[in-house]
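Proteins get letters first, then strands, A, B, ... in listed order; numbering begins at 1 in each. The structure presented is a predicted model; accordingly, all values stated were derived computationally and were not measured. Basis for what follows: all heavy atoms, side chains included, without hydrogens, waters or symmetry-related copies.
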Protein chains: 2
Amino acid sequence: MPARASSKTSESSDKVSVICRALRRAIIEQALEPGAKLPEDALGERFGVSRTIARHALGQLAAEGLVELRRNRIAVVATPSWQEARDAFDIRIELERLVVRQLAGKLTKAQIAELNAHVDAEDRARGGTDAVSIRLATEFHILLAHMTNSPILVRYVSEVAYRCCLTLSLYSRPHSTECAINEHRALISALAKGDAAKVMELMHHHLDSVANRALVAPTPQRGRDLLDILAPYADEVASDRVVKLPKVARRS
Amino acid sequence: MPARASSKTSESSDKVSVICRALRRAIIEQALEPGAKLPEDALGERFGVSRTIARHALGQLAAEGLVELRRNRIAVVATPSWQEARDAFDIRIELERLVVRQLAGKLTKAQIAELNAHVDAEDRARGGTDAVSIRLATEFHILLAHMTNSPILVRYVSEVAYRCCLTLSLYSRPHSTECAINEHRALISALAKGDAAKVMELMHHHLDSVANRALVAPTPQRGRDLLDILAPYADEVASDRVVKLPKVARRS
DNA sequence: AGCGCTCCAATTGCATGCAGTTTGGCGGTC
DNA sequence: GACCGCCAAACTGCATGCAATTGGAGCGCT
């Protein structure tokens, strides 16, 4: 039996959805860095819609964990902590093991061709920016999820993969794409062979190594947000001996 | 090392969030059945807010998969197909295995007491309605997720657990709570013992048996929506030989 | 009856307006 | 110069209003 094929997936073509897609892409390509401000009327003006719509879009993205929404404050692109990043990868590993378990040996020739075509695209993009490589690599995984034809699985894999994207831009050292591409090819061929256990193991290792390459260590100095950097020290401030800190300008 | 303790979890106390919580609860307690209509102004009037807010709340719930939003149409409580229900349970199993893996042997005495107290509450509620039992059972799992102190994990477990609640109300035979309660107790004691593999196995079996008890079979006649029943036949319509169907009244 | 058409009430999609809150800078004081 | 309070600009929270779309009642035709 071939893997279930195609379904209606997409967000409707609301103005809200359009803005969501645009912002999502801007975020995962790091055009918008974590912490970037997202004022409602600026967005509205930029996309030619009212604040109501921009606001609604921000709400959706907040539900996906890509932006942070604080009452009466300007929304910002989410800045996951190192621990959250690690948690996201752990969840992602489990979800994607499930994906390949369902897919092993059930892909049609057309689907395998589609996967290979995508990896070819990744290959061609090697000359480009890191951001594009990361986006393509992420989209490979989302493409896989789509092939399960389980809308829920697609949604969760997409979300968590986007979040991982976000953290890569925060904590990653300069990305090395080669190995990821090779691992993608290995995944495809294992999927075609149909050994579920093997391909789950491959996926596990693939994501784990991406996570380990990326989340080098709890290195607070690479975290962009002063609040995060200072978080571990906050306890001392709360306790008896207050540590005096020199005045530091917030990254504007 | 004890499991990480407590964090800021909550939705802010927006009007939007209040309505979300109210609707979510109404849905999982089956006060609102799958397919129930949710007109924006009716909600607004009921909760004493404008349509804007009600609309926003519906958007959030749609992002969680609890309501379905079709352009220019009245929003309705989601009606997952049998397959989607099964998929949701599969995902849930993986996520909750992850939860107990992280928690095994790392719970504080206070946390174990909290869990036991919750199961006691489940026990006391056995005389009440099924809806309340189901809600409490679900909240037990969410409570566990909270103890991992991983906001992402909490979010996903909560969402998928709510979706499972929803499907239980659709496809389940009259609920038998006894065994679930016993299994919850077994989980707690295994968590306290700290054998990760054992407790993962317990959780897997627990959820799987709930799913199997609930999702009795792909019995389309119990599915509420004609469209779902006919979905498998849609392919034929698309192909060469068009199947003529007698006119049937839609469930109003 | 059964079928198709028209038209109106119900409902959504979206923009705008107003009130309340936060931010950041400016001037005053030490 | 450093600190503090005040004020205007910026921004969000929310309600309301208007145009566009939908669904279904009513009605005529076969």
Requested in this report: Between A:S50 and B:L38, just flag the one whose closest nucleotide in DNA chain C comes earlier from the 5' side.
Outcome: B:L38
Report task. With B:V157 as reference, evaluate B:V99, B:I152, B:L144, B:T138 under the side chain to side chain contact (heavy atoms under 4.5 Å, CB included) test and give the passing residue. Result -> B:V99
**Report entry** Side chain to side chain, A:R24 and A:L66, heavy atoms closer than 4.5 Å
**Finding:** yes
Query - Length of the line joining B:K37:NZ and D:dT22:C1', which is rounded to integer Å - result: 11 Å
**Report entry** Length of the line joining B:E40:CD and C:dC14:P, which is rounded to integer Å
**Finding:** 11 Å
Query - Sub-4.5 Å side-chain heavy-atom contact between A:R163 and A:E64 - result: no
Query raised in the report: Taking CD1 from A:I53 and C1' from D:dT12, how many angstroms apart are they, rounded to a whole number?
Result: 16 Å
Report summary line: A:I19 CD1 to C:dA15 P, in whole Å, measures 8 Å
Query raised in the report: Roughly, in whole Å, what's the span from CG in A:N72 to P in C:dG20?
Result: 12 Å
Query raised in the report: Between C:dT21 atom P and B:D14 atom CG, what is the distance in whole Å?
Result: 14 Å
Report summary line: Sorted by position of nearest nucleotide on DNA chain D, 5' first, the leading residue of A:T52 and A:L58 is A:L58
Report summary line: Considering only heavy side-chain atoms of A:R73, the closest of C:dT23, C:dA15, D:dC14 is C:dT23
Query raised in the report: Can you tell me how far P of C:dT22 sits from CZ of A:R71, to the nearest Å?
Result: 9 Å
Query raised in the report: To the nearest angstrom, how far is A:H56 atom NE2 from C:dA15 atom P?
Result: 13 Å
Query raised in the report: A:R51 near the nucleic acid: base, sugar-phosphate alone, or nothing, with a heavy-atom cut-off under 4.0 Å?
Result: base
Query raised in the report: Would you say A:L207 and A:H141 make side-chain contact, with heavy atoms under 4.5 Å?
Result: yes
**Report entry** A:R55, nearest nucleotide to its side chain (from C:dC14, D:dC14, C:dT12)
**Finding:** D:dC14
